[in-house]
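Chain letters run A, B, ... following the sequence lines, proteins first, then strands; residues in each count from 1.
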Amino acid sequence: MNDSADALNTPRYDIPPELQQQVHLTTLERIYNWSRANSTWPMMFGLACCAIEMIATAAGRYDFSRFGMEVMRASPRQSDVMIVSGTVTKKMVPQIVRLYNQMSEPKYVIAMGACASGGGPFKEGYSVVAGVDKFLPVDVYIPGCPPTPQALLHGLMTLQRKISQEKLGEMRWYAKQPSEPIPVPLLGPDLIDPRKLPLIRKQAAHTGAEEEADE
Amino acid sequence: MSEHPLLDQQFPEWVQADARPGYGGWLVQAAHLNDVARWLRDQAGYDYLSSVTAVDYFPEDRMEVVYHLYRSTGGSALVLKVVTGREQAQVPSLTPLYPGAEFQEREVWDLLGVRFVGHPDLRRILLWEGFAGHPLRKDWREPFFEEEVKPFKSRWPEGHVRRAEDGNPYGDNLQYPPDFDPDSWQPQGEDALYAKFQRRADEGIHTDTMIVNLGPQHPSTHGVFRMVVQLEGETIVDLKPVMGYLHRNHEKIGERNTFLQNMPFTDRLDYTTSMANNFGYALAVEKLMGIQPPERAEYLRVMMAELTRIMTHLFSIGFLLNDLGAFFTPSLYAIQERELILDIFEAVSGSRMMCNYFRFGGVVRDLPEGVLEKVKELVLERLPRKIDEMDAYLTKNEIVRGRCEGVGVLTDAQAIALSASGPVLRASGVPYDVRRADPYSIYERFDFDVAVRYHGDIYDRYLLRLDEARQSLRILQQVLRDLPEGPVMNGKPQHLVRVPAGEAYGRVESPKGELGFYVVSNGKPNPLRYHVRAPSFINLTSLATMARGEKIADVVAVLGSIDIVLGEVDR
């Protein structure tokens, strides 16, 4: 990983040997990413079975506080990473999208386990969203049903690696325009994603025409 | 003579025995259900309505609502069935007689579309108001519908990769009724829910109550559960639980799966007690098949079920302290022991949480080398010490007592009427434990006491869990002493079992309460009906009774003391 202390302390400048213990040179991007990657606060937010493994990861044996992640915040405003730990259902997804919108930038999403990644064993179910990435931009997918704590730790470290490679110039929270919130889905006869409304209208017209043709 | 009254002699006009092969119980005329139930409750001692569900016999125009009644003094189930048509499906509600039927009847209405006449608050419970259709009806198809039953041809034997999304016009798990027009559609919202809160009549000074929502994302609700509370100042006037945020369609998927394919799904019901869930489902299907597991398998089953109980009870005590405000440190003590038990589960089944260890007629494999020594070390040395440690740290703690004693009280009569089970029922002074009341497997052989406490408050529920963990240790010590050698499975392992037509209800005392599986087979490789009587779900019926009159801060602890797991509440 290039965010280790060694990597930080190897700039491409010659520092006189007598100053090497006192002076450290690095780039703004590196120090910025290094500090962010090591203090990613997850949101205290459990959905299903995976949440129990997330709790186990937070507990003594696996202990993700070693990676600067022990501060789980119950408020989305205070958290950096949303660990979607379990099955996303149609009834719950409006709340999940709202929580994501409430998180302040920089924010990341981890899809923990098979259900959050793609619906998992419950994908065929009528009230299950086949993966949280239908609504949120997912940064890391963790396979498993549920993933073991080791797998979750690996996923979190993968996120740290991703963070440490981000470019200051491309970060969306420094863009000129603020990023748009994700439209919150509605609960109708089935889940209504506002982004799919044109398609729903087209389909409705289509089935209507078919019925008329039948008559 | 049967232990049950002969209802067809008592009510020859109204009741008939269910004489279909493989079936039992009584067919009651809908118009007289209330009279028969009242007689059963008041005269014959059947004061505990355990399970309410329905079966759709499409393409026949026939739906059956199935009731399982028990005596709170013990014994097996008395099964009532009421037949109704599919078009105008309606039966009288039993909620006025058995308040514990409230949520279960709402669930049957939600998923099967049977209207309960006389129900005080018949709304959808797992889905939302406005959802199109009643999904557990046999002619209702989900958007990702592929074939009627599994194994799907696309996966086996032909086996090719096809994304379910590609077959759907929306490229997603969505479908809308043909007359659906998104532009004129009005969201129904939650008016029906809020309308149920009674406004107080004016008494002189006009004051208003306040409605507060806790959840579905709230650290106190143990997952995605929501409580809507009506407050007067800080005091709770009324409370309505809202669930379904983790409704994962276990029953619909279960009716498409083969019998064996359901076993791993039971793991994911109450995901902290997968071994106990396996146990209940295996019992139900074994009842239908008429087989018995070999001796060693019976002992291994009991061993796993009791280890699960200790693990879950410690876990729930740890999280009760979380709810009281002692954030995470007490839980760390519990999780430490839990990890050691999970190590054993991982060694025997290959997975920490989703064990999938039981099979019809046994367990999937024997203990690997070295595991028995680990269990012995835990059961004989470590766990008794650790349970005592928990006891010493918490039981006399002033804050624990101050917050828990006399709070969230449920009396014995209320607990029975509200169909509470497990620790909630026993902490209210009802010594009802399925392992003793209606023994299954080999529990009759073991010497243990049914733990019971009498105050029905949070504190007693906590103490009862400690008592039960100690009793489980007693059982485990006897298991370790008597564990015989031999096979762990009868015959060869089969992936397609032959299950004769009929119905069966297998129930076990899971750590959360009475976990029942109602399985109906029509002789095909897939169950016709697969219903889970989930203790966490039904125990929630009594949440409002416990919470009324308490402070809002206490409702968090009350919920923690019921110990729900959302996977099971919402299924």
Chain B interface, residue from Gly119(A), Gly46(A), Ala59(A) that has the most non-hydrogen pairs under 4.5 Å = Ala59(A)
Chain B shares the most heavy-atom pairs under 4.5 Å, among Met72(A), Met43(A), Gln95(A), Glu53(A), with Glu53(A)
Using a cut-off of under 4.5 Å on heavy-atom pairs, state which of Thr272(B), Asp270(B), Asp343(B), Leu342(B) scores highest against chain A.
-> Asp343(B)
SG/Cys49(A) to CE/Met353(B) distance, rounded to the nearest 0.5 angstrom?
-> 5.5 Å
Name the region of Ala51(A), side chain, backbone, both or neither, that has any atom closer than 4.5 Å to a heavy atom of chain B.
-> neither
Got a second to check how far Asp183(B)'s CG is from Leu197(A)'s CG, nearest 0.5 Å?
-> 7.5 Å
Pairs of heavy atoms under 4.5 Å with chain A: top-ranked of Arg268(B), Lys252(B), His222(B) = Arg268(B)
Pick one of side chain, backbone, both or neither for Leu174(B), based on which atoms fall under 4.5 Å of a heavy atom in chain A.
-> both
Check for a donor-acceptor pair, side chain of Tyr245(B) on one end and backbone N or O of Val93(A) on the other, with a separation under 3.5 Å.
-> no
Which atom of Val128(A) lies closest to which atom of Asn249(B), heavy atoms considered | CG2-OD1, 3.7 Å
Could you look at Ser331(B) and say if it's the side chain, the backbone, both or neither that has a heavy atom under 4.5 Å from chain A?
-> neither
Engaged part of Leu126(B) at the chain A interface, taking heavy atoms whose separation is under 4.5 Å = backbone
Drop me the distance from Gln217(B)'s CD to Leu47(A)'s CG, to the nearest 0.5 angstrom.
-> 9.0 Å
Between Pro182(B), Gly567(B), Gly223(B), which residue shows the highest count of heavy-atom pairs closer than 4.5 Å to chain A?
-> Pro182(B)
Pair Glu142(B) + Lys123(A): basic N to acidic O under 4.0 Å = no
Provide the closest heavy-atom pair for Tyr176(B) versus Ile192(A) in the form atom of the first, atom of the second, distance.
-> OH-CA, 3.8 Å
Nearest heavy atoms of Leu191(A) and Trp128(B), plus distance in Å = N-CZ2, 4.2 Å
Centroid-to-centroid, Phe122(A) to His247(B), below 6.0 Å?
-> no
Locate the shortest heavy-atom distance separating Thr89(A) from Gly244(B); write the atom from each residue and the value.
-> OG1-O, 4.3 Å
Heavy atoms only, distances under 4.5 angstrom: which of Gly171(B), Pro216(B), Ser351(B), Pro264(B) has the most pairs with chain A? Name it, please.
-> Pro216(B)
Under 4.5 Å, counting heavy-atom pairs only, tell me which of Ile335(B), Val565(B), Asp181(B), Leu127(B) racks up the most with chain A.
-> Leu127(B)
For residues Arg248(B) and Pro121(A), determine if any side-chain heavy atom of one lies less than 4.5 Å from a side-chain heavy atom of the other.
-> no
Residue Tyr333(B) versus chain A: region with a heavy atom under 4.5 Å = neither
Criterion side-chain contact (heavy atoms from CB on, under 4.5 Å) against Tyr126(A), the qualifying member of Phe145(B), Phe144(B), Phe131(B) | Phe131(B)
Does Asp190(A) reach the main-chain N or O of Gln175(B) with its side chain, forming a donor-acceptor pair under 3.5 Å?
-> yes
CG/Asp63(A) to CG/Leu332(B) distance, rounded to the nearest 0.5 angstrom?
-> 8.5 Å
Has the side chain of Gln336(B) got a donor or acceptor atom that lies under 3.5 Å from a matching backbone atom of Arg61(A)?
-> no
Most contacts with chain B, counted as non-hydrogen pairs under 4.5 angstrom, among Gly188(A), Ser85(A), Cys115(A) = Gly188(A)
Region of Arg352(B) that comes under 4.5 Å of a non-hydrogen atom in chain A = side chain
Side-chain touch Trp185(B)/Ile200(A), heavy atoms, less than 4.5 angstrom | no
Name the region of Glu124(A), side chain, backbone, both or neither, that has any atom closer than 4.5 Å to a heavy atom of chain B.
-> both
The interface call for Ile96(A) against chain B, heavy-atom contacts under 4.5 Å, is neither
Would you check if Tyr170(B) and Asp193(A) make a side-chain contact, meaning some heavy-atom pair closer than 4.5 Å?
-> no
Which bit of His250(B) comes within less than 4.5 Å of chain A, counting heavy atoms only: side chain, backbone, both or neither?
-> side chain
Check whether any side-chain heavy atom of Ile55(A) lies under 4.5 Å from a side-chain heavy atom of Arg338(B), and answer yes or no.
-> no
Min side-chain heavy-atom separation Phe180(B)-Gln203(A) under 4.5 Å = no
Heavy-atom distances under 4.5 Å only: say whether Phe327(B) touches chain A with side chain, backbone, both or neither.
-> side chain
Ion pair present between Asp570(B) and Lys91(A), side-chain N to carboxylate O less than 4.0 angstrom?
-> no
Considering heavy atoms only, which positions within residues 149-156 of chain A lie below 4.5 Å of chain B?
-> Pro149(A)
Under 4.5 Å from a heavy atom of chain A, the part of Pro143(B) involved = side chain
Toward chain A, the part of Arg256(B) with a non-hydrogen atom under 4.5 Å = side chain
